Amino acid sequence: MAPGHVAYGLRAQYGLSVTPETVAAWERGTVVPDARELTALAGVLWCGPADLIAAASSLREHRLARGLSAEELARRVGLGASAYQRMEDEGSWRGTERQTAALAEALGLGPRALVTATGGDERLAELLRDAATTRWQAYVKPAVRLLPLPRRVVEAALAHLHAEYHARMAATSSWGASGGDGDEGRAYLDAVNDHFWAAVGP
């Protein structure tokens, strides 16, 4: 189908006034359709919204890929529609531990994908760096709030990060140890997310 055919289908079937130029821009990726346009586009092309999203990463993209409205997803996770929509628009999830678990279930997301979708990657990295360098026990509750993982799994992973980081620091500061002034420890912290997911396991 040419862009003109798609634009005609959007207008005839869904009442959307979309130009062929806009359809072409969607194809090139220079413009992104909104939720209503994406759903209509999937209908015109006889596919699901998920088929039109290369790799969902945001909450909005995961929600659309599942064919859920913001109101329906908000209801499933136990939030008001406007509160959920605000978090989705800002790309910053602030739900409770229970709401986070419900969100992961509703969207079919594993822990790592959920953290990315909720905009928590940098927050998690910050928590993990602090847990590795200070008292890890203080960071269990904040980490569990970000992740739909059992508390015991998070505790074990944070304890592992803490022990491994301090072992590396002790090795580089020992008499006769090679390496320069904590470089190995800094490198460990730079890759702390990867170390955490490795400790959590599949």
Side-chain angles (χ1 to χ4, degrees), residues 50 53-66 73-74 76-79 83-84 86-202:
I53 300 173
S57 60
S58 68
L59 272 182
R60 175 181 175 271
E61 290 170 349
H62 283 291
R63 176 177 60 75
L64 292 174
R66 289 278 170 172
L73 183 55
R76 288 192 188 189
V77 301
L79 279 168
Y84 170 79
R86 192 165 45 255
M87 289 187 222
E88 184 179 284
D89 292 343
E90 294 170 0
S92 178
W93 176 252
R94 295 178 298 279
T96 64
E97 187 178 327
R98 183 190 60 75
Q99 290 168 333
T100 301
L103 182 70
E105 183 179 340
L107 296 178
L109 298 177
R112 197 165 195 170
L114 180 72
V115 170
T116 298
T118 55
D121 282 325
E122 188 49 45
R123 173 69 179 136
L124 179 62
E126 181 184 326
L127 286 172
L128 297 178
R129 285 190 292 268
D130 290 345
T133 57
T134 62
R135 287 177 42 88
W136 64 266
Q137 296 89 340
Y139 298 95
V140 172
K141 188 173 181 179
V144 168
R145 191 168 175 197
L146 282 175
L147 300 160
L149 288 170
R151 185 182 182 94
R152 60 180 170 68
V153 171
V154 174
E155 286 176 342
L158 294 185
H160 175 79
L161 288 182
H162 184 268
E164 190 167 318
Y165 170 76
H166 286 279
R168 287 171 186 254
M169 291 303 291
T172 58
S173 63
S174 298
W175 287 105
S178 60
D181 196 27
D183 288 345
E184 194 172 332
R186 280 192 291 276
Y188 185 82
L189 292 180
D190 287 343
V192 72
N193 273 9
D194 293 333
H195 294 296
F196 174 76
W197 293 116
V200 166

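Side chains are part of it too, since the values below use all heavy atoms of this structure and drop only hydrogens, waters and symmetry mates. Every value quoted in this text rests on a predicted model; they were computed, and no experiment measured them. Nothing fancy with the numbering, it's 1 onward along the sequence.
Residues L107 and L59 meet the side-chain proximity criterion, which asks for heavy atoms closer than 4.5 Å. Counting heavy atoms from C-beta on, the side chains of L73 and L103 come closer than 4.5 Å. P111 is not listed as a side-chain neighbour of V200, based on a closest heavy-atom distance of 4.5 Å or more. Residues W93 and T100 have side chains in contact (heavy-atom distance under 4.5 Å, counting atoms from C-beta outward). Using a 4.5 Å heavy-atom cutoff, the side chains of L147 and F196 are in contact.
The two residues A131 and W136 have their closest heavy-atom pair at O-CB, 3.4 Å. Counting all heavy atoms, side chain and backbone alike, H62 lies closest to A117 at CD2-CB, 3.6 Å. Residues R94 and M87 share a closest heavy-atom pair of N-SD, 3.2 Å. Between P148 and A101 the shortest heavy-atom distance is CB-CA, 4.3 Å.
Summarising the geometry, atom CG belonging to L146 is positioned 6.5 Å from atom OG1 belonging to T118; distances are rounded to the nearest 0.5 Å. For the atom pair CG (L124) and OG1 (T116), the distance works out to 9.5 Å, reported to the nearest 0.5 Å. A distance of 14.0 Å separates CZ of R186 from CZ of R129, quoted to the nearest 0.5 Å. Note that NE2 of H160 and CD of E164 are 4.0 Å apart. Values are rounded to the nearest 0.5 Å. Here the CG-CZ distance, from L149 to R112, works out to 12.0 Å after rounding to the nearest 0.5 Å.
At least one donor-acceptor pair under 3.5 Å links the side chain of Q99 to the backbone N or O of G78.
When each of H166, H162, H195 is paired with Y188, the ring-ring contact (aromatic ring centres under 6.0 Å, His included) condition holds for H195 and for no other. Checked against Y139 for a side chain to side chain contact (heavy atoms under 4.5 Å, CB included), the options V154, V144, T134 give a single hit: T134. Exactly one of T133, V192, L189 qualifies for a side chain to side chain contact (heavy atoms under 4.5 Å, CB included) with L128. That residue is V192.
Salt-bridge annotation for E126 and R123: present, with a side-chain N of the basic residue lying under 4.0 Å from a carboxylate O of the acidic one. Ion pairing between a basic and an acidic side chain is recognised when a charged N comes within 4.0 Å of a carboxylate O; E105 and R66 show no such pairing.
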